[in-house]
2 protein chains.
Amino acid sequence: MPAARSKSASPKARNRGAREKLLAAAGELFYKHGVNAVGIDRVIAKAGVAKMSLYHHFDSKDDLVAAWLQEKHAAWMSWLVERVERVPVNNRPRELFAAMDEWFHTPDFKGCAFINAAAEAKDPRSKTFQICTGHTSDLHNAIKGWIAASHPALGADSLALAAQDITMIVAGAITWAWMHGPDGVAERARHSALLVLHEAR
Amino acid sequence: MPAARSKSASPKARNRGAREKLLAAAGELFYKHGVNAVGIDRVIAKAGVAKMSLYHHFDSKDDLVAAWLQEKHAAWMSWLVERVERVPVNNRPRELFAAMDEWFHTPDFKGCAFINAAAEAKDPRSKTFQICTGHTSDLHNAIKGWIAASHPALGADSLALAAQDITMIVAGAITWAWMHGPDGVAERARHSALLVLHEAR
DNA sequence: CAACCACCAGACTGATCGGTCTATTCCCTC
DNA sequence: GAGGGAATAGACCGATCAGTCTGGTGGTTG
């Protein structure tokens, strides 16, 4: 969750970093209000950046949206992976839901940016939509890795199915936590997921 | 799923039904493209109705959106209830997922209109958002009723929790089916839900 | 017949949309 | 110190946004 603010993404670090400011502002606004509800002018105002700087770094609004989602995807996944994989392999499935619980209680939590963005995408073939489905696919793969490590006896098929089940449970929990509040949601999801996992063979 | 086309909603049935045409057109467009991506002009063009007729029946676009969601909520719930409750009580939990599977494979399926609309709502206190959360709450209650009938030994607390678990699983399945395609998704969700149900006490 | 009412077509408003263009300034590197 | 690239402010474009207003049509009802 905490934003990784380490090094400039620009190859040469001599500019004043309009790109980073744009991505940060766009991220906040798009996540909070939705992609279609936020105009270019509002983004550049929040970023404190000229409009031409935006179109210098990005081809279009869609391109900015895609870049934001790409970045967010990388940040979110690496946060989760780091968070989950610092506990022993056997505890990782439960740790996933501890991480979810923490995330759900973040002050600015507004559900899954990728599910939300996918809901606004005009075309399933758009880059935006592809990134969104890629996000859930990557999450599915990460979960598969974790339960493979904690349940080495599972065959490849059961593994993929159990991982899908758990990914769907996580997706439902995120949606529920956003719409009805975060309390206890991750705990319920963990309960369901561990049942699935326990029963897998 | 099939639209209930029975009687005119207007108290006096002598008009030509611009309101119904508007709700039908708005429903199609809003569900398919998202609320914020569809303008008033497109709605009235599709409905074949004058702009003033829209503002005669609805106060604003938000009001039209709310009316559409209300109507859709009522239609969807009554479809599901009718579908599930025509099988014996013991089969109703599984029948829920048979209904989901059928719905997921509908040609124009684009996920849950209420989850999608909630993602676009500008304010959690808006009427739109309230209808969306109300929708999932009503679904939760319906599920609670079904598992109460099929598992009469369950206490009130376990009942509510199990129903929440299953509602979250359904929500996750809807999202997954929309983003990754409908095949087999309901089957996986049913599997998880029946585990939850079997283990509830 | 006259009043009424739902409905129609379409012009119009002010704001905002995504995006382009010009002109200027700053700073870094040859 | 000259050149170049990244940044700036802000005017401008046509399109579209939600919403208003005028004026007219046709059918129903008193």
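All figures in this text were calculated on a predicted structure; none of them were measured in a lab. Chain identifiers are assigned alphabetically (A, B, ...) following the order of the sequence lines, protein sequences preceding nucleic acid strands; residue numbering begins at 1 within each chain.
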Item to check | side-chain contact (heavy atoms from CB on, under 4.5 Å) assessment of F97(B) paired with I166(B) | outcome: CA-CA 10 Å; F97(B) 293 95; I166(B) 293 175; 4.1 Å; yes
Checklist entry - Hey, mind stepping through F109(B) and W103(B) against ring pair (Phe, Tyr, Trp, His ring centres under 6.0 Å) and telling me if it holds? => result CA-CA 7 Å; F109(B) 175 71; W103(B) 179 39; 5.0 Å; yes
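The nucleotide whose nearest atom lies closest to any side-chain atom of D41(B) is, among dG18(C), dC17(D), dT20(D), dC17(D). Taking the side chain of K61(A) as heavy atoms from C-beta on, and the options dA9(D), dG19(C), dC8(C), the nearest nucleotide is dG19(C).
One atom, NZ of K51(B), and another, P of dG19(D), lie 9 Å apart when rounded to the nearest Å. Following rounding to the nearest Å, F58(B) (CZ) and dA18(D) (C1') show an atom-to-atom distance of 15 Å. Atoms CD (E20(A)) and P (dA6(D)) sit 13 Å apart, rounded to a whole Å. One can place CD1 of I44(A) at 11 Å from C1' of dT8(D), the figure rounded to the nearest angstrom. Computed from coordinates, the R42(B) CZ to dT16(D) P distance equals 11 Å when rounded to whole Å. Rounded to whole Å, the distance from CG on D62(A) to P on dC17(C) is 15 Å. Per the geometry, CE belonging to M52(A) stands 12 Å off P belonging to dA6(D), to the nearest Å. Computed from coordinates, the L54(A) CG to dT8(D) C1' distance equals 14 Å when rounded to whole Å.
Contact annotation: S53(A) side-chain N/O to dT8(D) OP1/OP2 distance is under 4.0 Å. Checking the phosphate oxygens (OP1, OP2) of dC8(C), no side-chain nitrogen or oxygen of H56(B) falls inside 4.0 Å. OP1 and OP2 of dA6(C) both lie 4.0 Å or more from every side-chain N or O belonging to H57(B).
Here V38(A) lies in heavy-atom contact (under 4.0 Å) with sugar-phosphate atoms only.
Judged by distance alone, the side chain of T133(A) and the main-chain N or O of M179(B) form no donor-acceptor pair under 3.5 Å.
Nucleotides of DNA chain C nearest to A50(B) and A37(A) differ in position, and the one nearer the 5' end is that of A50(B).
Under the 30°/60° scheme for interplanar angles, the aromatic rings of H135(A) and F114(A) are found to lie parallel.
Salt-bridge annotation for R190(A) and E187(A): present, with a side-chain N of the basic residue lying under 4.0 Å from a carboxylate O of the acidic one.
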